[in-house]
Amino acid sequence: MHTIKKAITKYPVLDIIKKRWSPRSFSDKAISETDVKTIIEAASWSFSALNEQPWRYVAAFRGTSLFDSFFDLLNAGNKNWNNNTSVLVLSVLSNIYSNDGTVNTYAMHDTGAANMLLTLQANSMGIYTHLMEGFSKEHAQKLLNQGDEIKPVVMIALGYPDVAEKLDEPFKTRELSPRSRKDINEILLEPQLP
Ligand SMILES: Cc1cc2nc3c(=O)[nH]c(=O)nc-3n(C[C@H](O)[C@H](O)[C@H](O)COP(=O)(O)O)c2cc1C
């Protein structure tokens, strides 16, 4: 049985949000191309400033040379637990400039939002995601060979979750440790108006 780390909340948060977490132990079960396309299409239905849709994705399936190239981009810590990942999805920014030529300062914001929709769609299909900033953005950009307009954001591991026992330390302990969050009172500010 894979690890379940359902959030314990004070308020009645949606079940799909409570169940989302970032596992590191994945089974070797493959994810189909149709499922990956479903997951990416879900991301495309996110909101974005001026509907610019700055997100782009590159999906690499285990067993392909692209997957091996993406795996090589990961830092050592992330390589350690990605040995069973089924699909590595590279999330990149495209529209750094808006249609009117000004810098789209919301591109990163909007891509993050799309990545969350991608995750929730995946979770609804029994597939989990683990986002990673620990990879070489410089080499990723060179590998994509699409110019400076494309900015790598995160590498996303996709897979069906598996037992924590498969992991090396310290990842096994992390897999089993409880999730924690700042209290709602810490993030919901009450400014003292003059
Ligand atoms: C932008 C971003 C980058 C991250 N980079 C890494 C990473 O390189 N390696 C890793 O193991 N986890 C990484 N994570 C996962 C976070 O550590 C994780 O989301 C956080 O601890 C909260 O845990 P939860 O997602 O299970 O709620 C990253 C998450 C985000 C959103």
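Just so it is clear, the values below take in all heavy atoms, side chains as well, and ignore hydrogens, waters and symmetry mates. In listed order, ligands and their atoms are each counted from 1.
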Practice item. Kindly determine whether E41 and K37 satisfy salt bridge (charged side-chain N to carboxylate O under 4.0 Å, His left out), including the steps that lead there. Key: CA-CA 6 Å; E41 186 178 15; K37 285 186 173 163; over 6 Å; no
Exercise for review: Compare every heavy atom of L90 with every heavy atom of P152, then report the nearest pair and how far apart it is.
Suggested key: CB-CD1, 4.4 Å
Exercise for review: Indicate whether the side chain of D162 and that of N84 have a donor and an acceptor atom separated by less than 3.5 Å.
Suggested key: no
Check your understanding: With a 4.5 Å limit on heavy-atom distance, are the side chains of R62 and F71 in contact?
Key -> no
Review point. Do Y160 and I31 come close enough that some side-chain heavy atom pair is under 4.5 Å?
Key: yes
Check your understanding: According to the interplanar angle, ranging from 0 to 90°, do the rings of Y128 and W21 count as parallel (below 30°), tilted (30 to 60°) or perpendicular (above 60°)?
Key -> perpendicular
Exercise for review: Could you please provide the protein residues found below 4.0 Å of ligand 1 on a heavy-atom basis, arranged by chain and number?
Suggested key: R20, W21, S22, R24, N78, W81, H130, L131, M132, E133, G134, V154, R179, R181
